[in-house]
Each structure stands twice: as C-alpha cells, then as structure tokens.
Amino acid sequence: MNAADKKRLLREMLFARRFEERCYEAYVERKIGGFLHLYPGQEACVHGVMEAARPGHDYVITGYRDHVHAIKCGSDPKVVMAELFGKETGCSKGRGGSMHIFDVDKRFMGGYALVGGPFPLAAGMAKAIKLKGGDEIALCFLGDAANNQGVFHESLNMAAVWKLPVLYVTENNLYGIGTRIERSTAVLDQYKRACGYDIPSAQADGQDIDEVFKAAKKAVDHVRSGKGPYLLELMTYRYRGHSMSDSNAYREKEEEKEWGKRDPIIILRDRLIEAGEISEEDYRTMDKAIIDEIENEIIPFCEESPEPDVSELEKYVLAENDPYVKGGAQ
Amino acid sequence: MAELMYWEAIRRAHDEEMARDPLVIAMGEDIGVAGGTYKATSGLYDKYGEERVIDTPISEGGYTGLGIGASFIGVRPIIEIMSVNFAWLATDQIVNTAAKVRYMSGGQLEAPVVIRSPGGTAHQLGAQHSARMEKVFMGIAGLRVVTPSSPRQAYGLLKSAVRCNDPVFINEHELMYNMKDEVPDEEYFMPLEGSEVAREGADVTLFAYNISVHWSLQAAEELARHGINAEVIDLYALAPLDREGIKASVAKTHRAVIVEEAEAPVGVGSEVMAIINEECFFELDAPPLRVSAKNVPIPYNRTLEKASIPTAKDVVNAVLNMFGKG
C-alpha cells in the first residue's frame, strides 16, 4: 500500500463510520426499521482484507453487519442506504433490509441473518469457482461467535478436504450478542480452531489497517494460489451494541474506553499526519465532505425514492415464466 | 418404451443432465465410489470424476449449504440426502437460504439446487429413519416440492428440476426404488406443477401422492367390486398444489378422500381439504375424509409399524363408510 492508497482507505473508513452513524440517526428517526447492526470500531477489518483481495472480482459473503462490506465491494452507498429505508431503489428492492444487502454485480453475495449460515455458502462458491476454473476466491466475513455453530466445523472440514479457494475471516469483537467470549467459547484464540482441520491460519490486530493488510495479503495469496482455505482472525471491537435494540449494559465501561484508544481511523489518520501525508485540516475537510455527501446526496435520494409497489408483493418468490415448470420448451 | 426401475430412471436423468452440462454435479453421502445407497448415482463417479460426483462427509447442513452456495454462481447441484430424516439437519440452509434468497435479494440471486431424498416407512427402520418431511417443505414460500410415484415421473421430474431456476425438493420413497415401469425412450420433461389422473372414475376421488397412489389404485380395484368407481388423482406436485386439478375432479365425483402416508396434522390432507373448502365446497355430496398415518413416531416393532401406516384396505373401508356401505 502506498501513501495514496492509505489516504483513500482513510477516506473509505471515515465514510463507513459516518455512514453507520447516520444509519443510527435514521433508525432513531424511525426511517429505518427492523434490526440494525452497526460496524463502527471494526472498519479496518473489511477494508484491510479487501484491499488485499479484488473487490468486484472475488466473491464476498457475510452476516447481518453487512453495509460496509457491500460498499467496500463497490456498492453505491445510496443504494445501500435506500435498502435500509425499505425503498424500491434499494439494492434488494426493499425486500431485504439491513441484514440482507445484496449486490451480485459487485459480487457481494449477501448478508445473511442466521449466525454462521454463510460458512457453507462460501465453501460452495469456492467449489463453483474451482469447477469453472476461475481465478476468483471466496471470502467469508463473520464474527467470533459464529464459530460456535456446527456449520463452521462442517465447512472448514469440507474446504480442507477439497482444497477450496475460500478465505474465512473471523472478526473477533469479543462478544456474541451480549455474551463475552470467555463465557461461551472454550478456545479464545479463534485462529487456533483451524488447526483441527489442518487449515493454515493467523491472528492479526484488526484495529491497525497496515497489520490487517499484511496478514490478509498472505492469506489471500495462499488461497488464490490454489493451496486451499485459510482462516484469518482479526482482533477488533464494536463500539455500539450488537444491534440497536441492545443497550450494551453487559460491557465494562473501562473496556470500552481502552478499545476506544485504538480506533482504526484515528490510528491511520495519525500515522498519515506523522508521515506528513495529510494535515489535520485535510482530515477535517475530508470529514466535512463526507458528511455533506451523506446529507445532501444519499439521504435525499432515500427520502425521495418510491416505496415498493404492493402489487409486486409476490414478485421474486419463484422464477418468472420458467419453462421447465410447464415441462420445458418441447 | 423401455421398462426401468425407479432408481434406474433417476440415474438416467442424472447421466443425461451431467453429459449435457459440465456444471451439473451430484453430491451426497456415499453417492460416488459406493454408487449411492439406492444406486441412483451408480457408475457416475467413474464417468464424471470426483470433482462432479462428490462423496460428502456426513454433514447434512454443511454439504447442503455448500451446494446452495455453488448454485449462486452457475453450478447446478443435485444433492442426495440419504434419508429425509437427515434433512432436518439441512433445513436451515434449505429454508432460510435456498427458498428465500431470490426474494430477500430483490431477484438478484437464485438457488437452482435439486435436493432429492427418500422418506417414508420401509422395513422396521425405527422412528428416526421412517418419517416424512414433505409437509414441512410444502409450506415454505420459494421452494418447489414434487414427489414421483413412478419411474416415469422420477425421471421427468428430475430432468425438469435440474433445469428449473428455483430450488426443488424431490421426495422419493425407500420402498419404491425397485419399482419397475415404462419410461419414454426419448428425453422427457415433466411439468413441476399440476397433477395426473392415475385412474379415471366417477363416484369418488382418491387424492394421493408418491406411495399412496399405489394404495389408492389397489383400493379402487376393490371398490369397483362394490360398485364404486373411484378416480385416483396423483398429486405429484405438492408445492404448489394443483388447485384446478383438485377442483375439477371434485366437481366431477362430488366426493373426496385424501390418502397420505404421513400423519394427518398440518399435512397434505389438511391442505387439500382446505382447497376443496375454498374452491368447490358446494360440489360436495359428503364431508371429505383423510386416510393418514397414526400420529406417532414410527415404531420399530413390525406389528406396531404396520398398524401406524394406512393400507389399501383402510382406504376401501373409508370409502365404503362414506357411501354408507361400511
């Protein structure tokens, strides 16, 4: 990563932060309904990993904390926010919502709301890549708590047996909803769990994008070279509760304060300022431009977009006019 | 027209589709080197290789999800789940992903997988190997459910299911793999919706599917000796059910008996009755009846097992009662 890349990443991460904070406000204003799981604190994870991969080319799948992953894959933030507003212009046409962002053109293959559900789906996409002979890889981003689902083990086993090109990224934010990892998980270091399947793995500091990138580069190179799956654990922290309905009362304020000192955006910002690449003034200007873009372009687009038409309620349940439903085109 | 066994018909459909399209794959437990518990994939491993005929670990949720993920980007997996009782372990992936992904992505993504699995009571396999799941899957929006009662249907339904862009669950039966019947020599695609008239009749309609079609045909022969001419409708498509076909037959015979191997609550019978109620209640000359399994986990003991599942005789008795001849 050169200085220009890092400046771009700083902007992308700051954009992700402001985007999510604006989601919070829109939720409080009741413009967004349902469950809303926000990403602040974890920005360096997806940005660092995808910087080492090929966004829009590699297939990416994740859980319900998915807005920023989609945007990093190349989704238009307006279309992501419109989905949260439940509008027809949303990426999933208002049928999905916050937990089901999809942008198949950008190869963002979705956000899924069953914890751990994407593990085998990612292995399946990797199997398809292998059958078709492409140079893509599949990347699956999930939290530490997902690793306690059975399909984690089933998927790692199959990925290893069949040497599938899949990178499993565990964003370890130390909590599964409101239960701290020590109280739910026998092995705290998640990368160690890959040993059970003879899958190479590593742990990296998920708050420092340089560290994430370095570890991810190694992981992506391994997977893309045809050597099979890899598991990368990134140590991170989410600033808000699990979702908007979570008061966060289960966490020690001291712990939150400590992690707040290691903010991924501030770490990168300070590093760039120290290197003389940007000034504090540049950063403030960048921040203002982002907030303006969100307020003046994204939010008005969402407000003005039409609701889905109730006459199309049953569209997308099944394929339309599939000839084989009638016995083929004989 | 050649006679094929049910398993041979399924195998032929696999073979033709795999020969045509290199992205059609087969996967499941013991389906490759071992050729499949019911031989439905025998010989395919040697012909198409281990990348396309995949012996999976015993991880139903995992490999079903893997097949669904592969289907997102162009692969057409035919997944065999050795017994439908094991499919409970895969229901999250089938119901929460395959059935819903088109809808929740606003039409961007689809999961064109085929999941084949035998259900039903065979020969003292006990509670965890004898159950049926079709009534669970037929209530799920976004999923198609079909259930062949003959080798011809088994072949034609699998052919269409592989090419259809929706996820299709095919409910087979452990006792039917060695059933032999005619299958057209030429390529044949069976519609994934609709029903078939298995026997024309005028006095009462026996609605049946899969193995209960055969019980109903036997019962119809016996009823003819009592002067009752029964029609048998084969509901080979369970989701969606053929409302028009159900209505047309009841409008003709004015009496309906639903014959199902599964236990009655929340099942095919209750659904067919609801359709009759909604579509053609005033055509009825008598209240519709269900002939269903007892509402018990299927017992091991041979006598108890037999007593838990309906027979052709139960169907005959139900109809005779309906006609006041019991």
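For the numbers below, each heavy atom of this structure counts, side chains included, while hydrogens, waters and symmetry mates do not. Below, read A as the first sequence line, B as the second, and so on, with proteins coming before strands; counting in each chain starts at 1.
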Please flag which part of [X] lies under 4.5 Å from any non-hydrogen atom of chain B: side chain, backbone, both or neither.
| X | value |
| --- | --- |
| A:L156 | neither |
| A:I101 | neither |
| A:K315 | backbone |
| A:D103 | both |

Between [X] and chain A, which part of the residue has a heavy atom less than 4.5 Å away: side chain, backbone, both or neither?
| X | result |
| --- | --- |
| B:E51 | both |
| B:L23 | side chain |
| B:T97 | side chain |
| B:E60 | backbone |
| B:L89 | neither |
| B:I54 | side chain |
| B:D92 | side chain |
| B:T56 | both |

Pick from [options]: which one has the most heavy-atom pairs with chain A under 4.5 Å?
| options | result |
| --- | --- |
| B:M104, B:K159, B:E110 | B:M104 |
| B:A237, B:G156, B:G69, B:S59 | B:G69 |
| B:I25, B:L66, B:L109 | B:L66 |
| B:V162, B:N96, B:L143 | B:N96 |

query = Looking at A:K93, A:K132, A:M125, which makes the most heavy-atom pairs under 4.5 Å with chain B?
reply =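 Most heavy-atom pairs within the cutoff with chain B belong to A:M125.
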Top contributor to chain B interface from A:L318, A:D105, A:V317, A:V104 [non-hydrogen pairs under 4.5 Å] =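 So the answer, after comparing A:L318, A:D105, A:V317, A:V104, is A:L318.
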Distance-only, no hydrogens or angles: does the [X] side chain make a donor-acceptor pair with backbone N or O of [Y] under 3.5 Å?
| X | Y | result |
| --- | --- | --- |
| B:Y236 | B:L157 | no |
| B:N210 | B:T147 | no |
| B:R52 | B:M18 | yes |
| B:T64 | B:G61 | no |
| A:E83 | A:G96 | yes |

inquiry  = Are A:F35 and A:Y27, when compared by the centres of their aromatic rings, separated by less than 6.0 Å?
reply    =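 Centroid distance A:F35-A:Y27: not below 6.0 Å, so no.
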key: Close aromatic pair by centroid cut-off 6.0 Å: A:H100 and B:Y103   =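 No, the ring centres sit 6.0 Å or more apart.
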message = Can you tell whether the side chains of A:R224 and A:D58 come within less than 4.0 Å, N to carboxylate O?
response =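 A salt bridge links A:R224 with A:D58.
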ask   = Is any side-chain heavy atom of B:T91 less than 4.5 Å from a side-chain heavy atom of B:M133?
value =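 With C-beta onward as the side chain, the pair touches.
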request  = Indicate whether the side chain of A:H67 and that of A:S98 have a donor and an acceptor atom separated by less than 3.5 Å.
outcome  = yes
ask   = What orientation do A:F119 and A:F152 show, parallel under 30°, tilted 30 to 60°, or perpendicular over 60°?
value = perpendicular
